[in-house]
Amino acid sequence: MAEANWYVVHTYSGYENKVKANIEKAIENRHLEEQILEVRVPMQDVVELKDGASRQVSKKMFPGYVLINMVMNDDTWYVVRNIRGVTGFVGPGSKPVPLSDEEMRPLGVHSDAIKFDFAEGDTVVVIAGVWKDTIGKIRAINENKQSVTINVELFGRETPVEISFMEIRKMQ
């Protein structure tokens, strides 16, 4: 399988979140989870002074742009390009150009692979996030997303939950 890279998609201004939601829906509908890994609208926290009061708000870092981590091929290009609100990929002509690691680092996205010693069937404890202190068994490992799917008990039923590698620890 080809390697996934980060690409920049140009959108109508103000449509970034809608485009993100539509791409995620298309990924789910067309079962492209292994080819389009992540869609992001980069945000930054800024302090806004209004009527003498300061407050912290999240603003889009790049209005009119969405970042996509994907394997570029004809299918994925077609799906993303034909989402309502997308005007095209950033690059010369119709050829999308992937972002380098140096360009992605300031955005808080690191491509460094995390070393892990988990296997399907291992019992782990969640050490951070919403599911903190929850114990579950690993059902699936997704190295591209750096996450595992574990079963947790919710309302008396086994429910699959996706958790980042950084939020779990293997039980002895």
* Side chain proximity check, Pro98 to Met72, heavy atoms < 4.5 angstrom -> no

* Give, for atom CG of Asn151 and atom CD of Glu153, the distance between the pair rounded to the nearest 0.5 Å. => 10.5 Å

* To do: Look at atom CG of Asp74 and say whether more than 12 heavy atoms of other residues, nucleotides or ligands are closer to it than 6.0 Å.
  => no

Which atom pairs, one a donor and one an acceptor, fall under 3.5 Å between side chains of residues 80-91 and the rest of the protein, sequence neighbours left out?
| residue | atom | partner | partner atom | Å |
| --- | --- | --- | --- | --- |
| Arg81 | NH2 | Thr87 | O | 3.2 |
| Asn82 | ND2 | Tyr78 | O | 2.8 |
| Thr87 | OG1 | His10 | O | 3.1 |
| Thr87 | OG1 | His10 | ND1 | 2.5 |

* ILVMFWY network linking Val19 to Leu32, side-chain heavy atoms under 4.5 angstrom -> yes

* With sequence neighbours excluded, residues passing side-chain hydrogen bond (donor to acceptor under 3.5 Å, both in side chains) with Thr134 -> none

* Asked: So do the side chains of Leu67 and Val8 get within less than 4.5 Å of each other, counting heavy atoms only?
  -> yes

* To do: Locate the shortest heavy-atom distance separating Ala119 from Ile141; write the atom from each residue and the value.
  => CA-CD1, 3.8 Å

* Rounded to the nearest 0.5 Å, how far does OG1 of Thr149 lie from CD of Glu120? -> 9.0 Å

* Examine Val124 and Val152 and state if one hydrophobic cluster contains both, with Ile, Leu, Val, Met, Phe, Trp and Tyr joined whenever side-chain heavy atoms are less than 4.5 Å apart. => yes

* **Same apolar cluster (I L V M F W Y, side chains within < 4.5 Å links), Trp77/Val79** => yes

* Applying the 4.5 Å side-chain criterion to the ILVMFWY set and letting contacts propagate, would Val41 and Leu99 be lumped into a single cluster? -> no

* Once you round to the nearest 0.5 Å, how far does OH of Tyr7 lie from CD1 of Ile36? -> 11.5 Å

* Asked: Hey, quick one: are Tyr65 and Met61 part of the same hydrophobic cluster, counting side-chain heavy atoms closer than 4.5 Å, chains of contacts allowed?
  -> yes

* Set of residues satisfying salt bridge (charged side-chain N to carboxylate O under 4.0 Å, His left out) with respect to Glu16, sequence neighbours excluded -> Lys60

* Please test Val126 against Ile150 for side chain to side chain contact (heavy atoms under 4.5 Å, CB included), starting from the C-alpha separation and ending with a verdict. => CA-CA 10 Å; Val126 181; Ile150 63 171; 3.9 Å; yes

* Separation of Leu49 CG from Arg55 CZ (nearest 0.5 Å) -> 10.5 Å

* **Euclidean distance, Leu37 CG relative to Gln35 CD, rounded to 0.5 Å** => 9.0 Å

* Shortest non-hydrogen contact between Val47 and Ser54, atoms and distance -> CG1-CB, 3.8 Å

* Which other residues end up in the same hydrophobic cluster as Val57, if Ile, Leu, Val, Met, Phe, Trp and Tyr are linked when side-chain heavy atoms come under 4.5 Å apart? -> Val46

* Applying side chain to side chain contact (heavy atoms under 4.5 Å, CB included), run through Arg40 and Trp6 and close with a yes or a no. => CA-CA 10 Å; Arg40 282 194 181 185; Trp6 285 94; 4.1 Å; yes

* Kindly indicate whether the side chain of Val71, heavy atoms from C-beta on, has any atom under 4.5 Å from the side chain of Thr76. => no

* To do: State, to 0.1 Å, how close Gly121 and Lys137 come at their nearest heavy-atom pair, and which atoms those are.
  => O-CE, 3.5 Å

* Got a second to check how far Lys25's NZ is from Lys20's NZ, nearest 0.5 Å? -> 13.5 Å

* **Qualifying residues under side-chain contact (heavy atoms from CB on, under 4.5 Å), relative to Ile135, sequence neighbours excluded** => Thr123, Val125, Met171

* To do: Applying side chain to side chain contact (heavy atoms under 4.5 Å, CB included), run through Ile27 and Val39 and close with a yes or a no.
  => CA-CA 10 Å; Ile27 292 167; Val39 183; 4.2 Å; yes

* Asked: Which ring pair (Phe, Tyr, Trp, His ring centres under 6.0 Å) pairs, counting each pair once, include a residue from residues 24-51, with sequence neighbours left out?
  -> none

